Amino acid sequence: CIFSMLFEIGCFLFYSLQTGNKVFNCISYSTLCKRLASGSTDRHIRLWDPRSKDGSLVSLSLTSHNGWVTAVQWSPMNEYQLISGSFDKLVKLWDTRSCKAPLYDMDAHEDRVLCVDWTEMGLLLSGGADNKLFMFRYQTPTTGDGA
């Protein structure tokens with residue numbers, strides 16, 4: 001059951017959306033693709049399109065984590081990429097055009113991943129319950145014939 005409400009309080013305009021019984025651990029909004037990503041206790045990352053007119057706000061579900069998804073963050077430079085972190089100790093890089101599996105699994109943490117982010121230079125950041133901060137560099141593979 002989906003319930004939506006638009007209301008104004010003072011100088012703020014609020015749009016409230018509630019759906020089902022899934023716990024939201026984290027959310028991220030992309031200014032590039034105008035979609036929301038959410039992480040939940042059911043191990044799913046859901047991509048939401050608030051512009052949807054047909055009533056189906058969840059446009060895609062990404063499933064690969066084996067623990068609660070505690071962090072999601074859209075890329076500031078690529079509208080199709082996001083990263084996620086989970087209680088399964090993994091950071092995953094996703095491309096929403098090919099969502100059957102993540103592009104990469106980064107297995108560096110010794111305990112739960114609690115936060116993820118991107119830098120302006122494209123570095124991927126993660127922090128966890130192991131008291132460690134990791135930086136990952138992602139480089140788009142180049143194609144060519146080598147000749």
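Nothing here was measured: the structure is a model prediction, and the numbers come from that model. Positions are given from 1, in the same order as the sequence printed here.
Following chains of ILVMFWY side-chain contacts shorter than 4.5 Å, one cannot reach Leu123 starting from Leu133, and the two form parts of different hydrophobic clusters. A continuous path of hydrophobic side-chain contacts links Phe136 to Tyr104 [ILVMFWY only; heavy atoms under 4.5 Å]. Neither Leu103 nor Trp94 shares a network with the other; the hydrophobic side chains, linked directly or stepwise wherever heavy atoms of I, L, V, M, F, W or Y lie under 4.5 Å apart, form separate groups for each. Note: the hydrophobic cluster containing Val91 also contains Phe134 (ILVMFWY, side chain heavy atoms under 4.5 Å, direct or indirect links). Leu60 and Trp48 are assigned to two separate hydrophobic clusters, defined by single-linkage of ILVMFWY side chains at heavy-atom distances under 4.5 Å.
Taking a cutoff of 4.0 Å between a charged side-chain nitrogen and a carboxylate oxygen, Lys92 and Asp105 qualify as a salt bridge. Between Arg46 and Asp42, at least one side-chain N (NZ, or NE/NH1/NH2) sits under 4.0 Å from a carboxylate O, which counts as a salt bridge.
No donor-acceptor distance shorter than 3.5 angstrom exists from the side chain of Asp49 to the backbone of Arg35, with no hydrogens or angles considered. Between the side chain of Ser64 and the backbone N or O of Pro102 there is no donor-acceptor pair closer than 3.5 Å. A donor-acceptor pair is defined here as one N or O able to donate and one able to accept, closer than 3.5 Å; no such pair exists between the side chain of Ser75 and the backbone of Leu82. Remark: the backbone N or O of Cys33 is paired with a side-chain donor or acceptor of Ser30 at under 3.5 angstrom. Remark: side-chain polar atoms of Thr70 are paired, donor with acceptor, to backbone N or O of Val113 under 3.5 angstrom.
Clustering of Ile, Leu, Val, Met, Phe, Trp and Tyr by side-chain heavy atoms under 4.5 Å joins Met77 with none of the others.
Residues Tyr29 and Lys34 have side chains in contact (heavy-atom distance under 4.5 Å, counting atoms from C-beta outward). Ser86 is not listed as a side-chain neighbour of Arg43, based on a closest heavy-atom distance of 4.5 Å or more. Within the 4.5 Å cutoff, the side chain of Leu47 has heavy atoms near those of the Thr96 side chain. At least one side-chain heavy atom of Leu124 sits less than 4.5 Å from a side-chain heavy atom of Leu93. Using a 4.5 Å cut-off on side-chain heavy atoms (C-beta onward), Gln81 and Trp74 make no contact.
Between the CG atom of Asn25 and the OG atom of Ser38 there is a distance of 9.5 Å, given to the nearest 0.5 Å. Expressed to the nearest 0.5 Å, how far CZ of Phe87 lies from OG1 of Thr41 amounts to 10.0 Å. Going from atom CG of Leu90 over to atom NE2 of His65 covers 7.0 Å, rounded to the nearest 0.5 Å. Here the straight-line distance linking atom CD1 of Ile83 with atom CD of Gln73 works out to 6.5 Å at 0.5 Å rounding. For the atom pair OH of Tyr80 and CG of Asp95, the computed distance is 8.5 Å after rounding to the nearest 0.5 Å. Rounding to the nearest 0.5 Å places CG of Asp88 at 5.5 Å from CG of Asn66.
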From CA spacing to verdict: side chain to side chain contact (heavy atoms under 4.5 Å, CB included), Ile45, Ser84 = CA-CA 8 Å; Ile45 299 163; Ser84 61; 3.4 Å; yes

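Summarising the geometry of His44 relative to Ser61, their closest heavy-atom pair is ND1-OG, 3.4 Å, with the distance given to 0.1 Å. Counting all heavy atoms, side chain and backbone alike, Cys26 lies closest to Val72 at SG-N, 3.6 Å. Here the closest heavy-atom approach between residue Lys89 and residue Arg112 is recorded as CG-N, 4.2 Å.
The salt bridge (charged side-chain N to carboxylate O under 4.0 Å, His left out) contacts involving residues 129-139 comprise Glu110-Lys132, where partners must be two or more places apart or lie in separate chains.
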